[in-house]
There are 2 protein chains.
Amino acid sequence: MSSTARQDNVIFLTNRVGRQLARVMLERMEFEEFLPQGTHMGLLSDLMEHDGMRQQDLAISTIKDKGTVARALNHLEQGQFIERRIDPHDRRQKHIYLTEKAHRLWHYAAERARRTIDIASHEITPEDMHTCVKVLQKMYTNLHDELSQNEKE
Amino acid sequence: MSSTARQDNVIFLTNRVGRQLARVMLERMEFEEFLPQGTHMGLLSDLMEHDGMRQQDLAISTIKDKGTVARALNHLEQGQFIERRIDPHDRRQKHIYLTEKAHRLWHYAAERARRTIDIASHEITPEDMHTCVKVLQKMYTNLHDELSQNEKE
DNA sequence: CGTTAACCGTTGCAAACGCAACTACTTTGT
DNA sequence: ACAAAGTAGTTGCGTTTGCAACGGTTAACG
């Protein structure tokens, strides 16, 4: 635990903290008969903000392969958390909509998420936490740009 | 991309940024004949700081299942990046040591890691980045305490 | 002592992932 | 108008992962 505070570790640090957060949040989580494997919560998170997103855009924002997203959505659809609707103007695209059940799940999960963040942010000033989030978001877009740029080559 | 700057998203945000960072770093990475799958770099990172760690402690610090670590080490051992040595005082434990080859790999990877971080930290002030890392480390220990506490119950 | 409990590492299994090949549909260019 | 290129989503495959069960080793305690 005596890790020097060198920035070199951001790469591994973010990975680890991310997984820890998810793990603590999902611990002992149960929702009716069906519990969407924690991994899929990220999809719901995005859909909560932009209901009706296209599958493609979901893959981009969650940084997952489109195949992975397709299968995750199969799972969520089977559990009746989402609904796929084909775009009438472009029959290739599908838009994803949340069901009422998903909203109930999210409401339930949000509580746990808040508790998890409380635990994680113990003894961290709100200002520091805020800049941390700000920095993460900036890194997110920076890397997003880099990745999409590389794709074009 | 219009994500509100609410802290609620730290959970998914850290996950995503973490995966992005790893992905950018590993892009087009090649090392002689054998490239340790990026996932295993975290293990090397820890070993660089504490050579001779026990397997168990590696699992704890990287937040991975001990089974996962065992298999990853098999892979790294096969590639001659690490060496397992049984503790003479307790034959259950194994200590992990890096080989010279691992040091060469790390040197090679460190360059790419630095470049990746440069990309990610574009237009982020060093102070903000520093507090971000500080916050992540604090969250890490906070969550670590929480997890080990839950285990005891 | 000797039995029981705790511990570390390994292995079986099912879920999730990324990559790449494929299908269906749309846009582009001549 | 038609062939060619491009796009969105699905599917196959091999790898990584966490969980749980197991085997061998040490510690705890009557």
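In what follows, chains are A, B, ... by sequence order, proteins preceding strands, each numbered from 1. Being a predicted model, the structure only gives us computed values, none of them experimental.
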Nearest-nucleotide pick for A/Lys64, side chain only, options being D/dT11, D/dA8, C/dG18: C/dG18
Side-chain touch A/His144/A/Ile60, heavy atoms, less than 4.5 angstrom: yes
side-chain N/O B/Thr68 vs D/dG18 OP1/OP2, d < 4.0 Å: yes
Whole-Å distance separating the CG atom of B/Asp87 from the P atom of C/dC8: 12 Å
Integer-rounded Å distance: D/dA27 P and B/His89 NE2: 11 Å
Value in whole Å for how far the C1' atom of C/dC17 lies from CZ of A/Arg19: 14 Å
Atom pair distance, as rounded to whole Å: CG in A/Leu26 and P in C/dA15: 17 Å
Selected nucleotide, minimal atom distance to A/Asp65 side chain, candidates C/dT10, C/dG18, D/dG9: C/dG18
Electrostatic pair B/Asp128-A/Lys134, nearest N-O below 4.0 angstrom: yes
Presence of donor-acceptor pair under 3.5 Å, side chain of A/Arg92 and base of D/dT7: yes
N or O in side chain of A/Arg84 less than 4.0 angstrom from D/dT10 OP1/OP2: yes
Interatomic distance, B/Ile60 CD1 vs C/dC7 P [rounded to whole Å]: 11 Å
Touch class at under 4.0 angstrom, heavy-atom based, for A/Arg71 against every strand present: base
Nearest-nucleotide 5' precedence on DNA chain C, A/Pro88 against A/Gly67: A/Gly67
Under-4.0 Å salt bridge between B/Lys66 and B/Asp57: no
Side-chain N or O of B/Gln93 closer than 4.0 Å to phosphate OP1/OP2 of D/dT26: no
5′-ward residue of the pair B/Asp90/A/Asp90 relative to DNA chain D: A/Asp90
Rounded distance in Å - NZ (A/Lys66) to P (D/dT10): 10 Å
Residues A/Arg115 and A/Glu111 bridged, charged N to O under 4.0 Å: no
Nearest-angstrom distance from the residue atom CD of B/Gln56 to P of C/dC7: 9 Å
Options C/dA16, D/dT10, C/dT11, nucleotide nearest the side-chain atoms of A/Gln55: D/dT10
Touch class at under 4.0 angstrom, heavy-atom based, for A/Lys94 against every strand present: sugar-phosphate
Touch class at under 4.0 angstrom, heavy-atom based, for A/Ile63 against every strand present: sugar-phosphate
B/Trp106 and A/Phe12 aromatic ring geometry - parallel, tilted or perpendicular at 30°/60° bounds: parallel
Integer-rounded Å distance: C/dG12 P and B/Asn74 CG: 12 Å
A/Asp65 with A/Arg71: basic N within carboxylate O range, under 4.0 Å: no
Per A/Arg91 side chain, nearest of listed nucleotides C/dC25, D/dG9, C/dC17: C/dC25
